[in-house]
Amino acid sequence: MKEQISTHSTLRSSIVTEGVQRATHRSLLYSMGWDRDSLRKPLVAVVNSFSEVVPGHIHLQPLCQAIKLGIAEAGGAPLEFPSIAICDGLATGHPGMRTPMISREIIADSIELMITAHGFDAMVLLTNCDKITPGMLMAAGRLNIPTILVSGGPMDTGCLDGAKVCYTDLIEAEGSVEKGEMSLADLAEFEQAACPGPGSCAMMGTANTMNMLTEALGMTLTDGALIPAGFGARVALARQAGRQVMELHRRQTLPRDIMTMEAFENAIAVDMAIGGSTNTCLHLPAIARQVGIELTMDDFTRIAERTPHLVLLKPAGQYFARDMYEAGGIPALMSEMARHGLLHAHARSVTGRSLAENIAGRQIMDTDIIHNVERPIDPRGGISILRGSLAPEGAVVKRAAVAPEMMVHRGPARVFDQEEPALKAIFGGQVRPGDVVVIRYEGPKGGPGMREQLLPTSAIIGMGLGKSVALVTDGRFSGATQGACVGHVTPEAYLGGPIALVQEGDFIRIDIPSGKVDLDVAPEVLEARRSEWQLPDWTKLEEGSLLERYRRLVGTAMTGATFV
């Protein structure tokens with residue numbers, strides 16, 4: 001007797017797999033090796049950002065297979081599809097740096113398209129690195145089907161002449177070559193040692209910051225942030241995630257049940273405690289928006305004021321991502337914070353347990369790496385929001401990476417339209433102690449794409465100016481940035497913000513403890529300059545190009561640079 005075709009199912013995927021009018025759909029799935037029993041199971045997407053271009057993603061294939069095995073073991077039918085992944089490190093310093101922020105939106109959009117088109121019941125997001133993780137979390141919030149995120153984990157630490165090194169040390173070495181303090185042969189040896197294998201760069205860059213904040217949000221399994229990329233424990237965690245997403249599906253626990261306002265406050269608090277990348281001020285609001293939550297820079301300021309800075313990794317400190325993992329990782333940090341009432345310990349997570357249950361019994365194993373709340377690095381969080389006449393709507397600085405003598409600074413502006421001439425001037429010795437380097441027309445619209453100013457900031461450090469020169473930009477920074485670097489200045493120059501009106505020699509005052517960044521120019525002078533200001537001709541883009549479309553759609557840095 002032939003099997004009857006079901007005409008009803010409680011599965012979301014039944015819109016693809018059930019009913020007489022879905023015979024062609026089933027046939028297409030059969031052509032790829034699926035059978036009728038498989039199509040009665042929940043269809044679970046495994047979104048794999050594997051790439052042979054990005055070190056953080058080169059090793060994801062075994063993790064993907066482990067995830068799919070876990071899904072199958074728990075009664076699901078896993079189907080893999082890819083996500084793009086851009087390496088900020090390879091894109092930096094040339095026109096390619098316009099693309100990473102744009103890719104965040106494309107990643108979220110493409111996942112939405114694939115999930116909607118094929119009626120998936122749940123998904124596991126396999127990711128790493130700067131824009132891929134937030135883009136995937138944006139998709140999770142937007143789609144609101146059972147979801148777990150699995151990261152590829154951090155790169156191991158490099159070693160050169162017996163010293164631990166990583167990517168950020170190599171950046172600073174470039175400045176040493178420019179000054180004649182290091183030979184090209186020594187630099188070539190350094191290049192071979194700094195990045196020893198797969199994983200996200202072994203520092204407090206945006207990649208590791210976002211992985212840590214994903215764990216604080218409750219969207220990855222416990223210890224999902226910092227198990228090193230090459231550890232077998234990460235493969236085991238991936239397999240566990242595959243099984244656990246089926247439990248989330250059974251219970252219909254959805255991303256919007258987990259990513260609540262309290263969860264985002266936990267993420268911001270952890271961000272402040274770890275001295276995370278300033279890019280989180282773009283990504284967390286963008287993710288929150290997808291679940292109907294408005295995060296503002298006031299939320300960052302409010303939480304920073306009550307959250308101490310407890311971790312100082314590279315580039316500002318001496319420790320690496322693996323050191324933090326061995327010191328207890330994010331669970332130990334959150335356990336210490338929860339003990340002092342700095343987190344919402346009852347917040348839910350993809351483990352099916354509360355945050356308090358996830359971190360129960362975890363302790364700091366090395367208080368030089370993860371400080372106790374009673375002995376903080378700084379009583380205030382590692383990121384500060386600044387406002388003032390130069391940035392009426394706000395700007396961001398990673399105060400955790402600022403030298404004490406630069407917390408308050410006043411100096412003459414050295415003004416550059418875009419990154420390249422600024423970099424040339426810094427390496428050419430034209431920037432002197434006391435200066436404030438201004439790089440503009442690099443904002444979300446002006447860039448467009450808000451290029452990271454990693455090379456100019458690294459050049460300042462490499463040229464020995466890190467404790468005497470500040471940098472102000474409407475662009476953004478890499479997590480590898482250190483120094484008195486103020487970014488996300490809003491309104492940006494492209495929109496005629498005050499940063500567009502700064503002239504060579506104007507004095508700029510930065511007061512991080514007071515949350516101020518001001519242009520010391522009389523209002524009437526600024527108004528006279530405004531009446532004469534116009535956009536430079538070189539900012540024009542080809543109509544209909546990807547960059548031009550992004551420019552038309554993107555919002556301000558203070559709202560996450562999302563589409564409006």
Side-chain angles (χ1 to χ4, degrees), residues 11-13 16-17 28-29 32-35 37-52 54 56-85 106-129 131-153 198 200 211 214 219-221 224 227 229 233-250 252-255 258 350-351:
L11 292 176
R12 188 174 183 270
S13 57
V16 173
T17 62
L28 290 169
L29 291 165
M32 295 184 290
W34 295 97
D35 58 26
D37 287 341
S38 297
L39 301 190
R40 290 194 179 98
K41 299 175 181 179
L43 301 186
V44 183
V46 182
V47 187
N48 183 5
S49 61
F50 163 78
S51 167
E52 292 185 349
V54 189
H57 300 245
I58 188 69
H59 64 302
L60 296 187
Q61 295 293 55
L63 297 181
C64 187
Q65 296 306 311
I67 291 168
K68 290 191 285 188
L69 178 59
I71 292 168
E73 287 173 335
L79 291 93
E80 175 188 347
F81 67 81
S83 165
I84 63 170
I106 291 174
I107 289 165
D109 290 349
S110 63
I111 294 172
E112 179 186 4
L113 291 174
M114 288 292 289
I115 296 296
T116 303
H118 303 107
F120 284 104
D121 296 292
M123 62 181 176
V124 179
L125 304 169
L126 180 56
T127 176
N128 228 7
C129 299
K131 312 307 170 294
I132 300 90
T133 298
M136 287 191 172
L137 287 172
M138 288 168 67
R142 190 183 302 173
L143 290 161
N144 204 36
I145 62 174
T147 301
I148 289 181
L149 186 140
V150 178
S151 84
S200 52
N211 288 342
T214 301
M219 286 299 293
T220 192
L221 298 181
I227 295 174
R234 184 155 289 283
V235 180
L237 181 137
R239 187 171 176 178
Q240 181 187 352
R243 293 193 295 264
Q244 183 60 22
V245 79
M246 296 307 300
E247 181 64 17
L248 295 181
H249 178 265
R250 186 182 70 80
Q252 279 300 291
T253 302
L254 306 177
I258 295 168
V350 294
T351 66

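- Note: Met219 CE to Asn211 CG = 13.0 Å, rounded to the nearest 0.5 Å.
- Side-chain contact check for Asn48 versus Phe81: every heavy-atom pair is 4.5 Å or farther apart.
- In this structure, Leu79 and Met114 have side chains that are not in contact, with every pair of non-hydrogen atoms separated by 4.5 Å or more.
- Taking CG of Leu43 as the start and NE2 of His118 as the end, the distance is 11.0 Å to the nearest 0.5 Å.
- For the pair Thr17 and Leu39, the tightest heavy-atom approach, listed with the atom from each and the gap, is OG1-O, 3.8 Å.
- Across all their heavy atoms, Gly56 and Cys129 have their closest contact at CA-SG, 3.8 Å.
- Annotation: the span from Leu69 atom CG to Cys64 atom SG amounts to 11.5 Å, rounded to 0.5 Å.
- Ser49 meets the side-chain contact (heavy atoms from CB on, under 4.5 Å) test with His57, Leu60, Ser83, Ala85, Thr127, Ile132, Met136; sequence neighbours excluded.
- Pairs engaging residues 110-126 under the salt bridge (Lys or Arg N to Asp or Glu O under 4.0 Å) rule: Glu112-Arg142 [sequence neighbours left out].
- Of the possible donor and acceptor atoms, one in the side chain of Arg234 sits under 3.5 Å from a partner among the backbone N and O of Ser151.
- Qualifying side-chain hydrogen bond (donor to acceptor under 3.5 Å, both in side chains) partners for Asp35, counting only residues two or more places apart in sequence or in other chains: Ser38.
- Taking all atoms of both residues into account, the shortest heavy-atom contact from Leu63 to Ala238 is O-CB, 3.6 Å.
- How far OG1 of Thr214 is from CG of Leu149: 5.5 Å, rounded to the nearest 0.5 Å.
- With rounding to the nearest 0.5 angstrom, the CG atom of Leu125 is 5.5 Å from the OG1 atom of Thr147.
- Nearest approach of Ala77 to Trp34, heavy atoms of both residues: CB-CZ3, 3.7 Å.
- Not counting sequence neighbours, the partners of Ala229 by the side-chain contact (heavy atoms from CB on, under 4.5 Å) test are His59.
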Determine whether Glu247 and Ile148 satisfy the following criterion, side chain to side chain contact (heavy atoms under 4.5 Å, CB included), listing intermediate values before the conclusion.
CA-CA 11 Å; Glu247 181 64 17; Ile148 289 181; over 6 Å; no
For a side chain to side chain contact (heavy atoms under 4.5 Å, CB included) check, start with the C-alpha distance between Leu143 and Thr116, then their side-chain angles and the critical distance, and finish with the verdict.
CA-CA 8 Å; Leu143 290 161; Thr116 303; 3.8 Å; yes
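- Scanning for side-chain contact (heavy atoms from CB on, under 4.5 Å) contacts around Ile84 gives Ser103, Ile106, Ile107, with sequence neighbours left out.
- The two residues Glu52 and Ile58 come nearest to each other via the heavy atoms CA-CD1, 3.6 Å.
- Residues Val245 and Met123 are not in side-chain contact: their nearest non-hydrogen atoms beyond the backbone lie 4.5 Å or more apart.
- The structure places CG of Leu254 at 9.0 Å from CD1 of Ile145, a figure rounded to the nearest 0.5 Å.
- One N or O on the side chain of Asn128 and one on the backbone of Gly153 form a donor-acceptor pair closer than 3.5 Å.
- Contact of the Val46 side chain with the Phe120 side chain is not registered, since no non-hydrogen atoms from C-beta on lie closer than 4.5 Å.
- Applying the salt bridge (Lys or Arg N to Asp or Glu O under 4.0 Å) rule to pairs touching residues 70-84 yields Lys68-Glu80, Glu73-Arg239, Glu73-Arg243, sequence neighbours excluded.
- Between Pro42 and Gly75 the shortest heavy-atom distance is CD-O, 3.7 Å.
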